[in-house]
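Note that the numbering runs from 1 along the sequence shown for the chain. What you are looking at is a predicted structure, and each value in this text was computed from that prediction instead of being measured. Counting starts at 1 for both ligands and their atoms, in listed order.
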Amino acid sequence: MEFMSNCLDDLQEKGLQRKIRYLDKPQSSFTVIDGKRILLLASNSYLGLCDDQRLKEAAIEAANNYGVGSGGSRLTTGSYKLHQELEEKLASFKGTGSALLFNTGYMANLGAIAAIADKEWTIFSDELNHASIIDGCKLSGAKVVIYKHCDMDDLLDKVKNYKGQKRLIISDGVFSMDGDIAPLPEIVNIARDNNILTMVDDAHGTGVLGKNGAGTVEYFNLKGKIDIQIGTLSKAFASEGGYIAGSKILIEYLRHRARSFIYSTALSPITIGIALKALEIIISEPNLRKNLLSNSKWLQERLLKLGFKVLESKTPIIPIIIGDAKMAVEISESLFKAGIYIPAIRPPTVPVNTSRLRITLMATHTIDDLQLALVELEQVIRGRGLV
Ligand SMILES: *Cc1c(COP(=O)(O)O)cnc(C)c1O
């Protein structure tokens with residue numbers, strides 16, 4: 001066990017130790033952490049639905065109708081009418097022939113990539129893709145070729161260098177730590193010209209971008225042009241779970257081949273009931289995402305004016321680059337003391353010397369909330385001579 005304590009000491013020294021914060025109240029614009037009222041600028045619940053009364057009622061209704069635990073894997077006794085209904089509605093939302101639920105977005109990536117690719121395949125993967133894509137690629141045994149972040153010249157060069165019949169390009173739709181959007185139209189063109197499959201993980205885009213909130217594929221008008229779409233129910237949907245959307249053949253194949261689908265107990269009917277209601281809200285209340293994106297624009301403009309190193313984005317993810325990991329933690333701690341939670345994101349989640357404060361907004365934040373954050377941020381960061 002000595003290697004473990006050495007490792008932990010080392011992390012401590014580099015400012016990379018991680019601490020879990022425990023919430024005492026539901027997750028909304030404000031919550032309570034360690035007994036303290038906190039303005040939350042750290043949630044992936046982009047539409048602010050975690051404490052929504054309609055979702056809570058949907059949970060209770062699902063529990064009353066179908067019970068609590070699912071009781072088995074999807075291929076044995078764990079499939080309820082609700083699972084089927086959600087899969088059908090997700091497919092129609094995403095504009096695909098079919099969809100398949102997984103227990104998390106992480107498991108969707110692991111299961112789908114490893115089911116599709118093997119050592120005869122080459123996978124082209126953006127250097128900032130999510131860890132679950134990286135792990136799925138590793139598990140598949142495919143040759144993985146990393147291209148520079150959103151760099152289409154580099155992707156094209158690599159595509160030309162790695163010929164072959166079995167190839168797949170994978171990208172996040174919205175990049176979780178930078179908040180930028182992948183150049184999907186160019187990816188689709190390169191894939192079409194070179195006969196390559198495409199896969200987009202839209203965990204952060206779904207519910208947030210696109211006319212109906214269907215995500216980056218809709219945002220770029222590319223419905224029907226991406227072969228495999230991955231999503232999560234744990235972010236804008238305020239529930240849990242993941243899914244793959246794609247052609248009927250793809251989904252039927254995954255039902256037979258995706259191990260994380262086959263060998264794990266199905267999601268609880270409660271979780272599914274919540275997700276169904278959230279999907280209804282996402283589709284019928286475009287004002288939520290409009291508000292969210294205008295909040296983001298409002299805050300970015302002001303942060304930039306104050307001299308903060310903001311990575312500009314068209315999403316609710318606003319990274320403020322600090323650089324040093326220890327400094328990022330120190331600032332995050334000071335903000336917490338002032339009643340604001342903005343996490344410090346450090347290596348290995350982001351490259352060395354790009355540690356950052358990562359703000360994520362919710363549709364339910366008010367301008368007053370954001371104003372409060374601005375005042376505290378300015379005080380804390382200016383106090384350290386960082387702007
Ligand atoms: C959050 C996230 C996932 C994982 O989804 P979970 O449902 O939380 O497991 C996968 N991909 C990306 C890009 C994500 O941001």
Side-chain angles (χ1 to χ4, degrees), residues 20 27 42-47 49-50 83 86-87 90 94 99-114 123 125-140 146 149-150 168-182 184 187 198-209 214-217 219 226 228-246 258-261 264-268 270-272 274-275 278-279 282 311 313 315-319 343 345 348-350 356 358-362:
I20 297 181
Q27 191 153 145
S43 175
N44 292 328
S45 173
Y46 296 116
L47 301 181
L49 295 175
C50 279
H83 291 84
L86 181 58
E87 286 174 337
L90 285 171
K94 289 281 175 179
L100 186 65
L101 288 167
F102 287 74
N103 289 347
T104 63
Y106 189 103
M107 287 170 74
N109 268 323
L110 233 57
I113 299 170
I123 300 176
S125 176
D126 187 290
E127 68 179 326
L128 295 190
N129 274 348
H130 190 261
S132 56
I133 295 178
I134 298 170
D135 294 356
C137 289
K138 270 189 198 154
L139 189 62
S140 75
I146 310 285
H149 179 52
C150 291
L168 172 65
I169 301 172
I170 309 185
S171 179
D172 279 18
V174 171
F175 288 86
S176 44
M177 295 305 140
D178 285 38
D180 53 342
I181 302 173
L184 296 187
I187 289 178
T198 50
M199 183 159 177
V200 171
D201 178 345
D202 216 13
H204 293 276
T206 309
V208 170
L209 296 173
T216 50
V217 175
Y219 175 85
I226 298 288
I228 305 150
Q229 296 188 55
I230 301 136
T232 177
L233 302 172
S234 63
K235 290 173 179 151
F237 280 77
S239 183
E240 287 169 354
Y243 58 91
I244 302 281
R259 293 169 65 83
S260 62
F261 170 81
S264 189
T265 298
L267 288 167
S268 157
I270 299 177
T271 308
I272 305 296
I274 297 167
L279 180 56
I282 286 170
L311 300 183
S313 86
T315 70
I317 301 170
I318 310 176
I345 309 287
T349 310
V350 293
R356 62 199 67 185
R358 176 175 175 268
I359 296 175
T360 48
L361 297 178
M362 286 185 263

What is the nearest protein non-hydrogen atom to atom 8 (O) of ligand 1, stated with its residue, atom name and distance? S234 OG, 3.3 Å
Would you say T206 and K94 are linked by a side-chain donor-acceptor pair, where the criterion is simply a distance under 3.5 Å? yes
Can D126 and S171 be counted as having a side-chain donor-acceptor contact under 3.5 angstrom? no
Taking only heavy atoms of H204 into account, list the atoms of ligand 1 that are under 4.0 Å away from them. 14 (C), 15 (O)
Mind checking whether S132 has a heavy atom under 4.0 Å from ligand 1? yes
Counting only heavy atoms not in E240, do more than 12 fall under 6.0 Å of its CD? no
Distance-only side-chain donor-acceptor flag, N129 / D201, under 3.5 Å: no
Measure from the ring center of H204 to the ring center of F175 and say whether it is less than 6.0 Å. no
State whether a side-chain donor-acceptor pair under 3.5 Å links S43 with Q27. yes
Going by the atom numbers of ligand 1, which of them fall below 4.0 Å from some non-hydrogen atom of Y106? 4 (C), 5 (O), 6 (P), 9 (O)
List every atom of ligand 1 that sits less than 4.0 Å from any heavy atom of A203, numbering the atoms from 1 in the order shown and giving each element. 2 (C), 11 (N), 12 (C), 13 (C), 14 (C), 15 (O)
Within ligand 1, which atoms have a heavy atom of D201 less than 4.0 Å away? 10 (C), 11 (N), 12 (C), 13 (C)
With a cut-off of 4.0 Å, which atoms of ligand 1 are near a heavy atom of K235? 1 (C), 2 (C), 3 (C), 14 (C), 15 (O)
Please check if the side chain of Q229 supplies one atom and the backbone of M199 the other of a donor-acceptor pair under 3.5 Å. no
For ligand 1, which atoms have a heavy atom of G241 less than 4.0 angstrom away? 7 (O)
side-chain hydrogen bond (donor to acceptor under 3.5 Å, both in side chains) with T104: which residues, sequence neighbours excluded? none
Check ligand 1 against D172 and write out every atom of the ligand that is under 4.0 Å from a heavy-atom position of the residue. 13 (C)
Please tell me whether H149 and D178 have a donor and an acceptor in their side chains that are separated by less than 3.5 angstrom. no
Options G105, G136, A108, ranked by nearest heavy atom to atom 6 (P) of ligand 1, top entry: G105
Report the part of T104 (side chain from C-beta onward, or backbone N, CA, C, O) that has a heavy atom under 4.0 Å from ligand 1; answer both or neither where that applies. both
Numbering the atoms of ligand 1 from 1, which are under 4.0 Å from a heavy atom of T232? 5 (O), 6 (P), 7 (O)
If we only consider heavy atoms of A131, is any one of them less than 4.0 Å away from an atom in ligand 1? no
At a 4.0 Å cut-off, with the gap strictly under it, does some heavy atom of E240 reach an atom of ligand 1? no
